Amino acid sequence: MSVSRRAVVGLSVFSLCLITPSRAQLIQVKTLPLAQGNQYQIFPSANLGMASVSIALADSALDPFVNPATGSRILASRFFGTPTVYTISQGTGGGRSLPLALLVRHAKWYGALSLAVQQVDPSRAPQSDGGVFVTDLPPPPGGGPFGSSTVPTQPESESHGNQFAFASIGRRMPERHLSIGASMLWNGLHAVDGVDLLYANSRRLEQSGDAVDLRVGALKEWPADSGKGGGARSLQAMLLHNRFAATHTVTYADAIWNPITQQFDEQARIEHNEERTNTWGMQMNYQIPLAAPGWRIGWLAVANRASHPKIPTYELTNVPAIPRDPGYTHAFNLGMGVSRVEGPARFGIDLIYEPISSYTWADAAVPTPTAAGDTIAPGGKTIENRFRFSNAWFRLGVEQPVKEGAPTSFQLGLILHPIDYRLEQQDNVQLTSRSVRATWWEWTPTWGLSYRQPRFELRYQGRATKGAGRPQAQIFFGDIRALSAAGSTILAAPTGPLFMTDVSTVTHQISLSLPLR
């Protein structure tokens, strides 16, 4: 699947942007190369500028927010302030977050608390340098083909806010070399970046919803082997449950012929799209030191089982709306990593294979005749979509002091994320089927700079994701009856092209860490 003004194969869009700040525990499923901002980068991280390598290399700042049991590695209580800003090129979106976090340790107990507020700007379709593409088509003033209108003529321009709250608690059992912990993350959501672009030609979108993420984790660390230079063996295990619920209130403008004025009037049409996803997941991470000083190797296994009681009926230009709920997804991460730590210098590599299978379908609301003369009873499947993904992740990162003994270090990293899937779609109404394969690459260079002193630590880290795009909106001229029918349920397989423009998503994060005495 290519982007940058080339036609993308028309598909029923199925993009489940699961709400999670973590790295792999909740696996994202998307069938469209849609560029989205890193709006969930709300926790401090020591490895962000190193491509977020994690399988064989600990992240002293982020790990306690991912697996609550790893809070036992906190050496002292600390306060974090982590303002984060992301922008999407060509003026197509952006956002700002202000998270504050505490990592606390007292005797055998430890915990974390984080609060964050966020503003997300409305997404905008990129302006095309060729062809007839615009973001909206307002009625011309006075005497044009359109008469009265009660619909906003421009998309909403105000930013919307989100809120986040996180809390965790855990306890060490040193006699067993074991730690356990539990955490809860709540998200109050009024803007998920990029979602408004999935409703083509809408005049307004209001998002409201929340997500709750519950986790229970355990960490087992064996005594260090004096013959190994990389520390002790460790095993992490975690179970999670994530519930995401959102409602999209979408305002469209329908052209209605007014026989009195002999003009087309615009009339508002409001649709309510619900999105519901319930996910159960588990993760295992095992690390062992190697004989060479400072070297470690690790293995990762992640499994998700998600059910989708409601999937929004997105409307993209030239891709008719196809109901496709309910459904379910099985997703896995199988990975291996290698790292080396020598004083303040660190190095890590992660290799992950990501197979995913997803099955969604549309239910008949009323008795539906088929092309063969049969009838599908209410509740029967009218369209079935089977997705098979074979994705991968490659992460490479390094941290090095600017000179020996200096308090300043720099980080560099690279993330490669190839996405490859096949869609097998069966239309039980028209008795047709088709098979489509799509593939694209997303790649992310990362960088960072840190300054450490006994009384504080200051970090700047950044990343730029490329290889994805934003959909353009296309003006369509045709019979008004075809326009008015666009709001109805269309069960035919999508056939038209979708035009995308390459954009880059750039994230900047500054993290200030202060010890609490």
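Owing to the predicted nature of the structure, the values given are computational and were not obtained by experimental measurement.
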State whether the side chain of [X] and the backbone N or O of [Y] hold a donor-acceptor pair below 3.5 Å, judged by distance alone.
{"X": "Asp213", "Y": "Leu185", "value": "no"}
{"X": "Tyr110", "Y": "Arg172", "value": "no"}
{"X": "Gln461", "Y": "Leu48", "value": "yes"}
{"X": "Ser168", "Y": "Ala182", "value": "no"}
{"X": "Asp59", "Y": "Leu62", "value": "yes"}
{"X": "Ser123", "Y": "Gly194", "value": "yes"}
{"X": "Gln39", "Y": "Arg96", "value": "no"}
{"X": "Lys220", "Y": "Arg176", "value": "yes"}
{"X": "His417", "Y": "Ala392", "value": "yes"}
{"X": "Glu354", "Y": "Asn391", "value": "no"}

Quick one: list whatever passes ring pair (Phe, Tyr, Trp, His ring centres under 6.0 Å) with Tyr359, sequence neighbours left out.
-> Tyr328, Trp361
With the threshold set at 4.0 Å, does a side-chain nitrogen-carboxylate oxygen contact exist between [X] and [Y]?
{"X": "Asp210", "Y": "Arg243", "value": "no"}
{"X": "Arg452", "Y": "Glu399", "value": "yes"}
{"X": "Glu221", "Y": "Arg73", "value": "yes"}
{"X": "Glu442", "Y": "Lys30", "value": "yes"}

Matching residue for Val338 among Ile297, Asp350, Ile55 - test: side-chain contact (heavy atoms from CB on, under 4.5 Å) | Ile297
Side-chain touch [X]/[Y], heavy atoms, less than 4.5 angstrom:
{"X": "Leu57", "Y": "Met50", "result": "yes"}
{"X": "Gln509", "Y": "Thr82", "result": "yes"}
{"X": "Trp299", "Y": "Ile288", "result": "yes"}
{"X": "Val53", "Y": "Ile349", "result": "no"}

[X] [atom1] to [Y] [atom2] distance, which is reported to the nearest 0.5 Å:
{"X": "Asp196", "Y": "His160", "atom1": "CG", "atom2": "NE2", "result": "8.5 Å"}
{"X": "Gln425", "Y": "Asn385", "atom1": "CD", "atom2": "CG", "result": "4.5 Å"}
{"X": "Gln453", "Y": "Thr408", "atom1": "CD", "atom2": "OG1", "result": "8.5 Å"}

Scan side-chain atoms only and decide if [X] and [Y] contain a donor-acceptor pair under the 3.5 Å cut-off.
{"X": "Ser97", "Y": "Gln118", "answer": "yes"}
{"X": "Trp447", "Y": "Tyr460", "answer": "yes"}
{"X": "Arg171", "Y": "Ser179", "answer": "no"}

Nearest atoms (heavy-atom pairs only) where Gln400 meets Ala345 | OE1-CB, 3.6 Å
Look at the aromatic rings of Phe43 and Phe65 and report parallel, tilted or perpendicular, splitting at 30° and 60°.
-> parallel
Classify the ring geometry between His248 and Tyr199 as parallel (under 30°), tilted (30 to 60°) or perpendicular (over 60°).
-> perpendicular
Answer yes or no: are there more than 12 heavy-atom neighbours, outside Glu342 itself, under 6.0 Å from its atom CD?
-> no
Near Met282 CE, under 6.0 Å, is it more than 12 heavy atoms from other residues, nucleotides or ligands?
-> yes
Could you give me the CA-CA distance, side-chain angles and deciding distance for Leu334 and Ile352, then say whether side-chain contact (heavy atoms from CB on, under 4.5 Å) is met?
-> CA-CA 6 Å; Leu334 304 172; Ile352 300 173; over 6 Å; no
Derivation and outcome, side chain to side chain donor-acceptor pair (under 3.5 Å), residues His272 and Thr247 = CA-CA 7 Å; His272 300 278; Thr247 300; over 6 Å; no
With His308, the side chain to side chain donor-acceptor pair (under 3.5 Å) member among Thr329, Asn278, Thr360 = Thr329
